[in-house]
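Structure, as structure tokens:
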Number of protein chains: 2
Amino acid sequence: MVGRKNSSAGLGCEPDAARAGAYPNAGRCNGTALRKATRRVSQLYDSVLAPCGLKGTQRSLLIHIARAGTPTMGELSAALVLDRSALGHNLKPLERDGLVALVPDEQDKRSRRVVLTPLGKAKLDASMALWAQAQARFEAVFGPAEAAALRASLERIASPEFAEAFSGRDTSK
Amino acid sequence: MVGRKNSSAGLGCEPDAARAGAYPNAGRCNGTALRKATRRVSQLYDSVLAPCGLKGTQRSLLIHIARAGTPTMGELSAALVLDRSALGHNLKPLERDGLVALVPDEQDKRSRRVVLTPLGKAKLDASMALWAQAQARFEAVFGPAEAAALRASLERIASPEFAEAFSGRDTSK
DNA sequence: GACGAATACTCGCATATGCCACTATTTTCA
DNA sequence: TGAAAATAGTGGCATATGCGAGTATTCGTC
């Protein structure tokens, strides 16, 4: 806790050591550690990306679409580890701004496919140098080998295999 | 991309290899890797925590408050790497539900301090076993040594020092 | 061929997050 | 001592995310 000034001053009833001792594992939460680091990196990358008008999250969507061709929403949500209705929500401003279009799948009337528009592609191309700058700064501070190792860990955690193992499901289906 | 069926079929104009080749670094984005892993872990932990009625993000807030005594909102936002107005928003449902209270700082009329209520403490205590279960599952799948190493990396990335180094600011102030 | 199960999405509701303008207060400086 | 700068928070607006109910469609089984 930065700049401790507080807190035994008539409010918290217990001394600091007793409170800290009551929650010994508080600093060990993997979910909390991931969220904090993600907020930090999102804030830093977004400040570098700001001139191109895309947030990191939006750029990530566009890149996945660009690489996949015309993925279905289901494919895209699985690839991004996003709830499908969350993906639907996240695509709306991009569709409104003309960066993507949603078209019905030819074979399956339930499905929609996501298409990057020429404007979306131009916007994505315009973001490349800024993204590369953010990425270079990260790797300069953190180390390129360490950054690659981190991404390997994160990819493993994000994988469907990890989710199945965590939930104790039989993975041999 | 799971289950590739798509996408050269009259929609995407370019062959797969050309598109993938156009964005060679797409899979290397540190921000994207962090967000994907964080979504996965949040989803998994939240499903374990669901019975206690707290989400992982709310539990994280309560734990920080519990450990700190009665931190100011500024202290809490810095500790959690959260924008201060975001923290304000995130505290509202917790205040509404009676888990925390906000009280004016005695010395600084601008500041408010966050207090865990007895109900909040009870809720937090009730979440302990579920959290420990989620945490044990993560470490069983990922490995305890690997999990500790990951948290160390994430803590470094979340640190103010990392942010200063990334932004190229002089850290010797 | 019909029906039930499964799938793909949308919508509504809610939380999570961040930026900016604003107000109130404190701190710093001349 | 007063004014300007800095700080602490709020409110509004927006994006980011997830759950559950609902509709439409497809698939599998009998």
Side-chain angles (χ1 to χ4, degrees), chain A residues 2-3 5 31-32 34-47 49-50 53-61 71-78 80-97 99 102-114, chain B residues 2-3 5 31-32 34-47 49-50 53-61 71-78 80-97 99 102-114:
Chain A
V2 291
K5 304 186 195 61
T32 297
L34 275 159
R35 281 187 291 272
K36 283 189 194 178
T38 300
R39 288 196 284 266
R40 178 73 79 200
V41 168
S42 293
Q43 290 158 12
L44 295 173
Y45 273 50
D46 280 354
S47 70
L49 286 170
L54 286 178
K55 297 177 164 295
T57 45
Q58 296 175 321
R59 185 180 186 279
S60 182
L61 258 173
T72 65
M73 290 182 66
E75 288 166 350
L76 206 51
S77 69
L80 289 160
V81 193
L82 253 184
D83 180 86
R84 33 169 122 244
S85 55
L87 175 63
H89 290 310
N90 292 352
L91 285 172
K92 281 192 183 314
L94 299 178
E95 192 181 10
R96 177 200 67 208
D97 294 344
L99 307 186
L102 293 170
V103 299
D105 184 77
E106 293 181 355
Q107 276 100 36
D108 188 335
K109 287 188 169 62
R110 296 171 296 176
S111 286
R112 297 220 277 168
R113 287 190 176 274
V114 192
Chain B
V2 292
K5 299 186 197 62
T32 298
L34 275 159
R35 280 188 292 272
K36 283 190 194 180
T38 300
R39 287 196 285 268
R40 178 74 80 198
V41 168
S42 293
Q43 290 159 12
L44 294 173
Y45 274 50
D46 279 354
S47 70
L49 287 171
L54 286 177
K55 297 175 164 293
T57 45
Q58 297 175 319
R59 186 180 186 279
S60 182
L61 257 173
T72 66
M73 290 183 65
E75 289 165 348
L76 205 51
S77 69
L80 288 162
V81 194
L82 254 182
D83 180 87
R84 33 166 123 249
S85 53
L87 175 63
H89 291 311
N90 291 352
L91 286 173
K92 280 191 182 317
L94 298 179
E95 191 181 12
R96 178 200 67 206
D97 294 345
L99 307 187
L102 293 170
V103 300
D105 185 77
E106 293 183 354
Q107 275 100 37
D108 189 334
K109 287 187 168 61
R110 296 171 298 177
S111 286
R112 298 221 276 171
R113 289 191 175 274
V114 192

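Chain letters run A, B, ... following the sequence lines, proteins first and then strands; every chain starts at 1. Bear in mind that the values here come from a model prediction, so they are computed numbers and not experimental data.
To the nearest angstrom, C1' of D:dA16 lies 12 Å from CG of A:L91. In this structure, A:Q43 atom CD and D:dA16 atom C1' are separated by 14 Å, rounded to whole Å. Atom P of nucleotide D:dA16 and atom CZ of B:R40 are separated by 20 Å, given to the nearest angstrom. For the pair B:D46 CG and D:dG20 P, the interatomic distance rounds to 11 Å; values are reported in whole Å. Rounded to an integer number of Å, the gap from CG of A:L87 to P of C:dT7 is 19 Å. Note: CG (A:L94) to P (D:dT17) measures 11 Å, nearest angstrom. Rounded to an integer number of Å, the gap from B:R35 CZ to D:dG18 P is 12 Å. Rounded to an integer number of Å, the gap from CZ of B:R39 to P of C:dT17 is 13 Å.
Looking at residues two or more places apart in sequence or on another chain, you find a side-chain contact (heavy atoms from CB on, under 4.5 Å) between B:A86 and B:L82, B:D83. Under the rule for a side-chain hydrogen bond (donor to acceptor under 3.5 Å, both in side chains), the partners of B:S42 that lie at least two apart in sequence or sit in another chain are A:R35. Listed by chain and residue number, nothing satisfies the salt bridge (charged side-chain N to carboxylate O under 4.0 Å, His left out) test with B:R84 (two or more places apart in sequence, or in another chain). Residues satisfying the side-chain contact (heavy atoms from CB on, under 4.5 Å) criterion with A:K55, sequence neighbours excluded, are A:D46, A:T57, A:Q58. Residues meeting the side-chain contact (heavy atoms from CB on, under 4.5 Å) test with A:D97, sequence neighbours left out: A:L99. By the side-chain contact (heavy atoms from CB on, under 4.5 Å) test, A:R112 pairs with A:M73, A:L102, sequence neighbours left out.
Counting non-hydrogen atoms under 4.0 angstrom, B:L82 reaches the backbone sugars and phosphates but no base.
B:D105 approaches B:D108 most closely through the heavy-atom pair OD2-N, 2.8 Å. Shown here for B:L76 and B:P71, the closest heavy-atom pair between the two residues is CD1-CG, 4.0 Å.
Within the 4.0 Å cut-off from OP1 or OP2 of C:dT10, not a single side-chain nitrogen or oxygen of A:R84 is found. Taking side-chain N and O atoms only, A:R112 has no distance below 4.0 Å to OP1 or OP2 of C:dA8. Residue A:K92 has a polar side-chain atom (N or O) positioned under 4.0 Å from OP1 or OP2 of C:dC11.
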Assess the residue pair B:R113 and B:E106 against the criterion (side-chain contact (heavy atoms from CB on, under 4.5 Å)); give the C-alpha distance rounded to whole Å, side-chain angles, the decisive distance to 0.1 Å, and a yes or no.
CA-CA 9 Å; B:R113 289 191 175 274; B:E106 293 183 354; over 6 Å; no
Review item, nucleotides 12-15 of chain C N/O atoms under 3.5 Å of protein N/O:
{"from": "C:dG12", "atom 1": "O6", "to": "A:H89", "atom 2": "NE2", "distance (Å)": "3.1"}
{"from": "C:dT15", "atom 1": "OP1", "to": "B:R96", "atom 2": "NH1", "distance (Å)": "3.0"}
{"from": "C:dT15", "atom 1": "OP1", "to": "B:R96", "atom 2": "NH2", "distance (Å)": "3.0"}

Atom pairs under 3.5 Å: protein N/O with N/O of nucleotides 23-27 of chain D:
{"from": "D:dT25", "atom 1": "O2", "to": "A:R110", "atom 2": "NH1", "distance (Å)": "3.3"}
{"from": "D:dT26", "atom 1": "OP1", "to": "A:K109", "atom 2": "N", "distance (Å)": "3.3"}
{"from": "D:dT26", "atom 1": "O4'", "to": "A:R110", "atom 2": "NE", "distance (Å)": "3.3"}
{"from": "D:dT26", "atom 1": "O4'", "to": "A:R110", "atom 2": "NH2", "distance (Å)": "3.4"}

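Comparing the end axes of the helix from C:dG1-D:dC30 to C:dA30-D:dT1, each fitted to five base pairs by superposing C1' atoms of four pairs onto the next four, gives an inter-axis angle of 20° (nearest 10 degrees).
Side-chain contact of B:S111 with B:T72: a donor-acceptor pair under 3.5 Å is absent, judged by distance alone.
Residue-to-nucleotide proximity on DNA chain C shows that, of B:D83 and A:S111, the 5′-proximal contact is made by A:S111.
Without hydrogens or angle criteria, B:R39 side chain to A:V81 main chain gives a donor-acceptor distance under 3.5 Å.
To the nearest 0.5 Å, the span separating CG on B:N90 from CD on B:E95 amounts to 13.0 Å.
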